[in-house]
Amino acid sequence: MSDFIRQIIADDLAAGRVKQVVTRFPPEPNGYLHIGHAKAVLLNYSIATEFGGIFRLRYDDTNPEKESGEFVRGIEEDLRWLGCAWEGEPRHASDYFDQFYQWALELVKAGKAYMDNQMPEEIVQNRGTPTQPGVNSPYRNRSAEENLVLLEKMKAGEFAEGECVLRAKIAMDHVNILMRDPPIYRIRRERHHRTGDTWRIYPMYDFAHGYEDAIEGVTHSLCSLEFENHRPLYDWFLDNVSVPSRPRQYEFARLNLSHTVMSKRHLRRLVEENHTAGWNDPRMPTLRGMRRRGFTPESIRRFISEIGVSKVNSLVDIEFLHFIIREELNATALRRMAVLNPIKLTISNWPKGKIDTFTAENNPGDAAAGHRDIEFSGELWVERDDYLDNPPRKWFRMAPGKEVRLKHAYFVTITDVLYNPSGLPQELFCTYDPESRGGESPDGRKVKGTIHWLSRHNAVNAEIRLYDHLFSQADMNKLEEDKTISDYLNPDSVQILAEAKVEPALAAALPEERFQFLRNGYFIADSEDHASRTRPVFNRIVGLRDTWAKIAGKPD
RNA sequence: UAGGACGUCGGCAAGCGGUAAGCCACCGGGUUUUGAUCCCGGCAUUCGCAGGUUCGAAUCCUGCCGUCCUAGCCA
């Protein structure tokens with residue numbers, strides 16, 4: 001697998017420009033990681049691994065307003081789960097605050113930075129627009145000495161927030177607005193989660209980021225496309241003071257996934273407005289949400305690796321992620337039977353009280369997965385959706401007079417139906433063919449349909465949660481005017497089935513154990529609500545490929 | 001009507017002047033005690049459009065068109 005970034009790195013190594021690759025993942029600890037972050041971490045981590053380099057974790061904690069230790073712990077937990085091991089201790093931009101300040105002093109002394117006392121609104125006003133140049137600040141030509149004094153005072157906390165700011169002196173008529181004397185330090189009274197009240201001034205991203213990289217010897221600083229416009233700044237700051245190394249920034253397209261949102265702002269809103277049950281809601285694209293939903297770290301790594309890296313703004317269909325996890329779980333998940341929407345099926349010619357036992361394979365594609373015993377009786381649960389009074393053409397499942405196979409067990413033919421007062425089937429009756437024990441008839445007769453079932457004498461009650469797209473629209477980056485993301489919420493993104501039935505074996509499942517429920521999909525025992533033996537709760541990770549749904553949906 | 005970036009199959013994405021990889025989706029067909037899995041086959045005479053250079057262009061040049069990013073003391 002090669003992409004433009006790996007090509008650049010291979011070239012740098014071959015030409016001797018770089019001896020050892022150093023990459024980093026620089027999250028701001030102000031939220032939990034999502035699958036978009038996974039693309040960034042995995043890119044940095046796998047590149048370091050492939051090229052025999054070093055990968056580090058560094059918190060970009062330059063804004064005390066919204067950062068916290070809770071998120072730091074969350075990020076590390078998610079990263080460990082994902083399988084990205086960073087070199088040494090996590091780094092913090094806040095560890096470099098003293099050095100940053102020294103470099104700011106260096107800029108001031110060289111006449112390349114100045115203290116601006118314009119009000120924030122004035123700065124905005126005088127910055128100009130994409131088509132109009134900005135206007136110089138009246139304070140732009142202060143002497144280095146005066147700037148030094150003012151800067152020290154600002155550092156000492158002698159000014160109020162917003163009263164002044166340190167700015168780089170570049171050019172107010174630059175075509176790139178970001179280059180129009182960008183702010184370097186601003187005053188913040190907030191307590192920093194690591195440095196406490198030591199600092200009254202905090203460095204801005206553009207000023208700090210390249211320096212953080214330079215201090216750590218980062219060779220290739222990878223970031224997303226929206227920072228492309230920032231690269232001239234990244235370079236300017238590095239080129240105007242004496243730094244220990246000279247990193248280079250490269251930009252790639254961030255991940256956009258269909259039917260979900262990927263910005264921290266939006267995710268936070270979903271949580272705060274209770275549209276989801278927290279950051280680890282199984283519908284969230286957060287790593288902890290996906291983990292709870294049942295995705296494996298392997299599946300996320302595979303997915304990220306498969307979608308590739310480029311500079312094209314694209315939207316990946318979430319179905320592709322589903323394909324990846326299905327492929328993995330098909331190979332690894334043990335098969336079990338569960339009836340999501342149960343209806344009684346009673347065998348009228350079954351010997352009263354008889355229990356039959358069958359041996360069922362745990363995974364038809366993997367003999368090493370072994371077998372389990374399942375008990376059968378004349379009183380069963382079957383899937384309500386597997387019966388139809390008036391079936392369409394090509395229907396293989398239960399219908400009046402129709403013979404189907406009960407998986408691993410017997411052929412049965414529907415004979416009678418009991419309806420409830422509102423006319424819906426309430427119980428099904430059938431006869432079974434004793435000769436078909438094991439699921440095959442000695443006369444060689446074929447049945448097209450095979451359905452799953454549970455014996456009423458030992459089936460266990462369970463809660464099963466079915467998940468679907470969080471949003472009904474694929475591209476959540478394109479909203480209609482005057483609409484917000486909540487206008488696109490899928491009302492059926494979760495469906496809770498409290499009356500489901502599962503095999504006895506499933507009641508003993510451990511939290512986070514995954515299974516394939518025959519004909520229903522892949523499920524995981526919920527990490528928070530599932531309790532072995534007392535309260536089985538399963539989340540649907542993803543359904544099985546459903547060819548029948550496609551056939552049934554066609555006009556024919 | 002500024003600057004930057006990007007436009008290859010429905011969705012991703014290779015391709016780097018020698019005549020369009022792969023994956024998903026989709027469409028057939030086979031196997032099947034999961035309408036699952038698995039297997040076989042099909043799926044861009046064409047690379048945003050128009051010119052040009054060349055024996056030869058998705059790849060080079062020119063001009064258009066479209067999309068995204070940028071006017072936080074956020075990152």
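First the proteins, then the strands, lettered A, B, ... as listed; each starts at 1.
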Please state whether the phosphate of B:A5, meaning OP1 or OP2, lies under 4.0 angstrom from any side-chain nitrogen or oxygen of A:Arg231.
-> no

OP1 or OP2 of B:C74 less than 4.0 angstrom from a side-chain nitrogen or oxygen of A:Thr62, does that happen here?
-> no

Does any N or O donor sit under 3.5 Å from an N or O acceptor when you compare the side chain of A:His230 with the base of B:A75?
-> yes

Has the side chain of A:Arg397 got a donor or acceptor atom sitting under 3.5 Å from an opposite partner on the base of B:G35?
-> yes

Carboxylate-amine/guanidinium proximity below 4.0 Å for A:Asp385 and A:Arg397 = no

Using a cut-off of less than 4.0 Å, is there contact between a side-chain N or O of A:Gln7 and OP1 or OP2 of B:G15?
-> yes

Within a radius of less than 6.0 Å around CG of A:Asp443, do more than 12 heavy atoms belonging to other residues, nucleotides or ligands occur?
-> yes

Taking the side chain of A:Ile177 as heavy atoms from C-beta outward, which of B:A71, B:C6, B:U34 is closest to it?
-> B:A71

According to a strict under-4.0 Å criterion, is A:Ser310 in side-chain N/O contact with OP1 or OP2 of B:A13?
-> yes

Whole angstrom value for the distance that separates P of B:C24 from CD1 of A:Ile304 = 17 Å

Is the closest basic N to carboxylate O distance between A:Glu226 and A:Arg254 below 4.0 Å?
-> yes

What is the distance from NE2 of A:His193 to P of B:A75, rounded to the nearest Å?
-> 13 Å

Do A:Phe320 and the base of B:A25 stack face to face, with centres under 5.5 Å apart and an angle between planes under 30°?
-> no

Could you tell me the separation between the CD atom of A:Glu327 and the C1' atom of B:A36, rounded to a whole number of Å?
-> 14 Å

G-U wobble or Watson-Crick pairing nucleotide for B:U31 (cut-off 3.5 Å, both distances) = none

Counting only heavy atoms not in A:Gln125, do more than 12 sit closer than 6.0 Å to its CD atom?
-> no

Which one, B:G11, B:A2, B:U34, comes nearest to the side chain of A:Thr131?
-> B:A2

A:Asp317 side-chain proximity, nearest of B:A71, B:G11, B:A2 | B:G11

P-based separation of B:C38 from B:A75 [nearest Å] | 47 Å

Can you tell me how far C1' in B:A25 sits from the matching atom in B:G42, rounded to whole Å?
-> 14 Å

What interatomic distance, in whole Å, is found between C1' of B:G7 and the corresponding atom of B:C64?
-> 14 Å

Determine: side-chain N/O of A:Arg405 to OP1/OP2 of B:U34, distance under 4.0 Å, yes or no.
-> no

Select one nucleotide: of B:G35, B:C68, B:A75, the one nearest the side-chain heavy atoms of A:Phe227.
-> B:A75

If you measure from the C1' atom in B:C43 to the same atom in B:G10, how many Å do you get, rounded?
-> 11 Å

Expressed in whole Å, how much space separates the C1' atoms belonging to B:A14 and B:U8?
-> 10 Å

Where the side chain of A:Phe323 is defined as all heavy atoms beyond and including C-beta, which of B:A36, B:U34, B:C24 is the nearest nucleotide?
-> B:C24

Rounded to whole angstrom, note down the P distance from B:U19 over to B:A58.
-> 11 Å

A:Arg186 vs B:C74: side-chain N/O to OP1/OP2 distance below 4.0 Å | yes

Both distances under 3.5 Å, Watson-Crick or G-U wobble: report the partner of B:A44, or none.
-> none

Confirm from the modelled atom types if A:Gln516 and B:U34 form a donor-acceptor pair under 3.5 Å, side chain to base only.
-> yes

Distance, rounded to the nearest Å, where A:Tyr250 contributes OH and B:G4 contributes P = 19 Å

Does a side-chain N-to-carboxylate-O contact under 4.0 Å join A:Asp213 and A:Arg58?
-> yes

State whether A:Arg167 places a side-chain N or O below 4.0 Å from either non-bridging phosphate oxygen (OP1 or OP2) of B:C73.
-> no

Counter-base of B:U70, judged by Watson-Crick or G-U geometry with both distances under 3.5 Å | B:A2

Considering only atom C1', compute the distance from B:A21 to B:G63 and round it to an integer number of Å.
-> 32 Å

Complementary nucleotide of B:U59, counting Watson-Crick and G-U pairs under 3.5 Å = none

Salt-bridge present (A:Arg231, A:Glu251; N to O < 4.0 Å) | yes

Would you please confirm or rule out a distance under 4.0 Å between OP1 or OP2 of B:C26 and any side-chain N or O of A:Lys550?
-> yes

What integer number of Å spans the C1' atoms of B:C23 and B:C9?
-> 13 Å

Which nucleotide sits closest to the side chain of A:Arg545: B:G4, B:A14, B:C26?
-> B:C26

Please give the nucleotide sitting opposite B:A36 as a Watson-Crick or G-U wobble pair, both distances under 3.5 Å, or none.
-> none

With distance as the sole criterion, is a donor-acceptor pair present between the side chains of A:Asp373 and A:Thr357 under 3.5 Å?
-> no

Can A:Tyr205 be called stacked on B:A75 when the rule is centres closer than 5.5 Å and an angle between planes below 30°?
-> no

Using the ring of A:Trp199 (Phe, Tyr or Trp, six-membered ring only), decide whether A:Lys155 places NZ or CZ under 6.0 Å from its centre and within 45 degrees of its axis.
-> yes

Nucleotide nearest A:Glu28 when distance is taken to its side chain, options B:U34, B:U70, B:C74 = B:C74

